[in-house]
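These notes are about the structure you will find just below.
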Amino acid sequence: KPRGLSDFSVAADTVAPVTTATLSGTANGAGWFKDDVTVTLTAADDQAGAVATQYAINSGTPATYTGPVTIGSEGTTTLSYSSTDGAGNVETAQSLQVKLDKTAPTATLTESGHAVADVVNTAALKFDLVSSDALSGVAEQSLTLDGNALTSGQTIAAGSLAEGSH
């Protein structure tokens, strides 16, 4: 029979909370997003009580997490974060990188070295497609003429095409 509160002991809380990050949207195969990314941080602790989460963007000043954080700047953004429980246990800092490219690539099509224009039936047409993207690069480019795939640099006899727009 217990004689008082001193007969009971409470195990000390020595385990830090764990924070998980959830990102909105889906990155492409190379890890790039094309729209703003919202990051939601969720902290869990093995004991009841308050848990505070801090985050910083690109090694900036830490801020208290109060709700989802939106990453809208193009390029690579590093978000670091950690949580502290009521007993003062601090989680080891974690970080994630968000790569964002909201600008579409540019493409330039030329015909025999100049802008595409009307041609005569006897001309040999050489189409070149050049694409570029300053951030994430060009994942793929394709060139078609009247629904048929062409290779950049391929030559076609103008007389083999029907008159009119293509």
Side-chain angles (χ1 to χ4, degrees), residues 16-44 51-84 90-166:
V18 175
T19 308
T20 56
T22 305
L23 282 64
S24 65
T26 303
N28 70 11
W32 286 87
F33 291 86
K34 64 179 183 127
D35 296 308
D36 290 355
V37 176
T38 301
V39 181
T40 303
L41 300 175
T42 306
V51 175
T53 301
Q54 298 278 317
Y55 72 95
I57 295 176
N58 293 331
S59 300
T61 304
T64 300
Y65 179 79
T66 57
V69 177
T70 300
I71 310 254
S73 298
E74 289 190 302
T76 301
T77 299
T78 300
L79 179 83
S80 54
Y81 55 94
S82 67
S83 295
T84 305
V90 180
E91 172 184 27
T92 300
Q94 300 184 65
S95 66
L96 61 87
Q97 285 192 333
V98 175
K99 298 187 296 184
L100 180 59
D101 183 357
K102 299 189 286 188
T103 305
T106 59
T108 304
L109 176 64
T110 58
E111 179 266 309
S112 302
H114 52 77
V116 177
D118 290 341
V119 296
V120 294
N121 273 347
T122 57
L125 310 175
K126 178 181 170 193
F127 292 100
D128 288 300
L129 179 63
V130 177
S131 303
S132 65
D133 186 283
L135 286 173
S136 61
V138 176
E140 158 185 355
Q141 69 176 16
S142 63
L143 178 59
T144 60
L145 177 63
D146 296 336
N148 299 308
L150 295 179
T151 303
S152 187
Q154 180 177 344
T155 301
I156 299 170
S160 68
L161 301 171
E163 287 189 29
S165 297
H166 298 273

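Keep in mind that the numbers below use all heavy atoms, side chains included, and drop hydrogens, waters and symmetry copies.
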Distance-only donor-acceptor check, side chains [X] and [Y], under 3.5 Å:
X: Ser83; Y: Gln54; answer: no
X: Glu91; Y: Ser82; answer: no
X: Thr103; Y: Glu74; answer: yes

> Hey, is CG on Asp146 packed in by over 12 heavy atoms from elsewhere, all under 6.0 Å?
Replying inline: yes

Spacing of [atom1] belonging to [X] relative to [atom2] belonging to [Y], to within rounding of 0.5 Å:
X: Gln94; Y: Thr20; atom1: CD; atom2: OG1; value: 8.5 Å
X: Leu79; Y: Ile71; atom1: CG; atom2: CD1; value: 5.5 Å
X: Ser142; Y: Leu129; atom1: OG; atom2: CG; value: 8.0 Å
X: Leu150; Y: Lys126; atom1: CG; atom2: NZ; value: 13.5 Å
X: Asp128; Y: Ser152; atom1: CG; atom2: OG; value: 4.5 Å

Search all heavy atoms of [X] against all heavy atoms of [Y] and return the closest pair with its distance.
X: Phe33; Y: Val37; value: CG-CG2, 3.4 Å
X: Thr76; Y: Lys99; value: OG1-CG, 3.6 Å
X: Val39; Y: Leu23; value: CG2-CG, 4.3 Å
X: Ala123; Y: Val119; value: CB-CB, 4.4 Å
X: Thr64; Y: Tyr55; value: O-CE2, 3.9 Å
X: Tyr65; Y: Leu41; value: OH-N, 3.0 Å

>> I want to check something: taking the side chain as every heavy atom from C-beta on, are Phe127 and Thr155 in contact at a cut-off of under 4.5 Å?
In response: no

>> I want to check something: taking the side chain as every heavy atom from C-beta on, are Thr151 and Leu143 in contact at a cut-off of under 4.5 Å?
In response: no

>> Test side-chain contact (heavy atoms from CB on, under 4.5 Å) on Ile57 and Val69; report intermediate values, then the result.
In response: CA-CA 10 Å; Ile57 295 176; Val69 177; 4.0 Å; yes

>> Please enumerate all residues that pass side-chain hydrogen bond (donor to acceptor under 3.5 Å, both in side chains) together with Thr84, with sequence neighbours excluded.
In response: none

> With sequence neighbours left out, what residues match Thr78 under side-chain contact (heavy atoms from CB on, under 4.5 Å)?
Replying inline: Asn58, Ser95, Gln97

>> For Leu135 and Leu100: C-alpha separation, side-chain torsions, deciding distance, then whether side-chain contact (heavy atoms from CB on, under 4.5 Å) applies.
In response: CA-CA 8 Å; Leu135 286 173; Leu100 180 59; over 6 Å; no

> Can you list every side-chain hydrogen bond (donor to acceptor under 3.5 Å, both in side chains) pair that touches residues 22-38, not counting sequence neighbours?
Replying inline: Asp36-Lys102

>> Let's go through Thr19 and Thr42 carefully: what are the C-alpha distance in whole Å and the side-chain angles of both, what is the deciding distance for side-chain contact (heavy atoms from CB on, under 4.5 Å) to 0.1 Å, and is it a yes or a no?
In response: CA-CA 5 Å; Thr19 308; Thr42 306; 6.0 Å; no

